[in-house]
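Numbering of ligands and ligand atoms starts at 1, following listing order. Side chains are part of it too, since the values below use all heavy atoms of this structure and drop only hydrogens, waters and symmetry mates.
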Amino acid sequence: PITWPQLNELEKQYSPSQWSHRMAADDVIKAHVAALKSGTEKARSVAQMLLDVPYGDGEGEKLDVYVPNSSSPDVPLVIYIHGGYWQFLSKEESGFMAVPLVQKGVVVVAVGYSIAPKGNMDLMVAQVRRSVVSVIQQYSHISGLYLCGHSAGAHLAAMVLSTDWSEYSVMPQIKGAFLVSGIYDLLPILSTYVNEPLKMTEEVALRNSPSRLVPQLKASSSACEIVIAVGQNDSPEFRKQSDDYFKSLETAGLKVTLEDIPNTDHFNIIEQLVDENYHLTQVRSVETI
Ligand SMILES: N[C@@H](CC(=O)c1ccccc1NC=O)C(=O)O
């Protein structure tokens with residue numbers, strides 16, 4: 001069980017489990033992990049897949065591909081980047097949203113990356129960027145590439161959109177990005193418990209904050225349709241992170257919308273993507289197909 005040190009106000013703002021209206025903090029995290037696990041088991045029982053496909057030489061550099069049965073080559077592909085504060089979770093419980101997508105003929109890729117303390121922020125950002133390059137090299141025939149990330153994964157997805165691809169062998173054209181309950185400015189978490197395993201310096205936090213890379217995003221991803229989603233019951237600070245990032249992207253002239261999802265918290269906002277009738281699943285399907 002997770003023990004709660006005294007949290008100061010900022011740390012409480014950055015403790016998503018403290019804000020759920022459904023359950024106590026420990027229970028909401030347990031329920032979240034259980035939902036992700038059972039959803040991924042279900043996806044693995046219904047979809048064809050390729051597990052542990054390497055995208056680099058590093059130990060954690062593997063991804064899982066969930067493939068639709070109707071194998072037309074010209075299909076959309078969604079890369080899902082899991083959350084967990086850059087220190088929890090893995091691709092092993094990140095195939096949960098594959099079911100409604102695979103049924104609609106979409107390929108879903110769950111990316112693994114080296115969480116802290118093994119990995120650090122620079123490495124995780126470099127890994128997800130390389131995973132995207134590897135996917136388009138292997139699936140060059142796809143009709144469109146989409147990114148979806150939750151929480152820390154939304155941060156990493158925003159960093160992918162903000163990549164200067166000139167140092168890479170290909171220039172990914174990402175058609176849509178679905179950023180769910182993310183953190184886009186890393187400076188506020190520097191002084192919190194979240195940074196204990198990450199050990200970010202201010203310099204690291206600055207260069208890995210999507211909020212400071214909007215000009216690069218505009219240069220690399222100006223055609224991308226971006227949806228920023230946040231839960232009604234996310235903390236005020238999390239809601240502000242989404243709101244501020246939305247405003248800067250909008251001001252920069254990007255194609256971006258902000259979805260404020262009623263009756264959801266930081267955890268069930270993404271868990272419910274297993275449900276094809278859920279509002280966000282519908283939004284995402286419209287974006288994707
Ligand atoms: N201390 C954090 C823990 C947390 O965010 C978390 C823990 C386990 C698995 C996932 C998590 N967060 C988001 O995906 C919290 O208060 O929610």
For this session: Just go through F88, F267, Y193 and tell me whose heavy atom is the nearest to atom 12 (N) of ligand 1.
Result: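 Among F88, F267, Y193, the closest heavy atom to atom 12 (N) of ligand 1 belongs to F267.
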Exercise. Just going by heavy-atom distances, which of S17, G84, A25 is nearest to atom 13 (C) of ligand 1?
Worked result: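 Result: the heavy atom closest to atom 13 (C) of ligand 1 is in G84.
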For residues 170-187, which side-chain donor-acceptor pairs fall under 3.5 Å, sequence neighbours excluded?
from: K175; atom 1: NZ; to: S143; atom 2: O; distance (Å): 2.8
from: S181; atom 1: OG; to: D234; atom 2: OD2; distance (Å): 2.5
from: D185; atom 1: OD1; to: L187; atom 2: N; distance (Å): 3.1

Exercise. Taking the six-membered ring where the residue is Trp, are the ring centres of Y80 and F96 under 6.0 Å apart?
Worked result: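 Centroid distance Y80-F96: below 6.0 Å, so yes.
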For this session: Let me know which of H266, H155, H82 forms a ring pair (Phe, Tyr, Trp, His ring centres under 6.0 Å) with H150.
Result: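 Testing H150 for a ring pair (Phe, Tyr, Trp, His ring centres under 6.0 Å) against H266, H155, H82 leaves exactly one candidate, H266.
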Problem set entry | Which residues share a salt bridge (Lys or Arg N to Asp or Glu O under 4.0 Å) with E61, sequence neighbours left out |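 Result, salt bridge (Lys or Arg N to Asp or Glu O under 4.0 Å) vs E61: R130.
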Exercise. What atoms in ligand 1 come closer than 4.0 Å to a heavy atom of I29?
Worked result: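 Every atom of ligand 1 under 4.0 Å from some heavy atom of I29: 3 (C), 7 (C), 8 (C), 15 (C), 17 (O).
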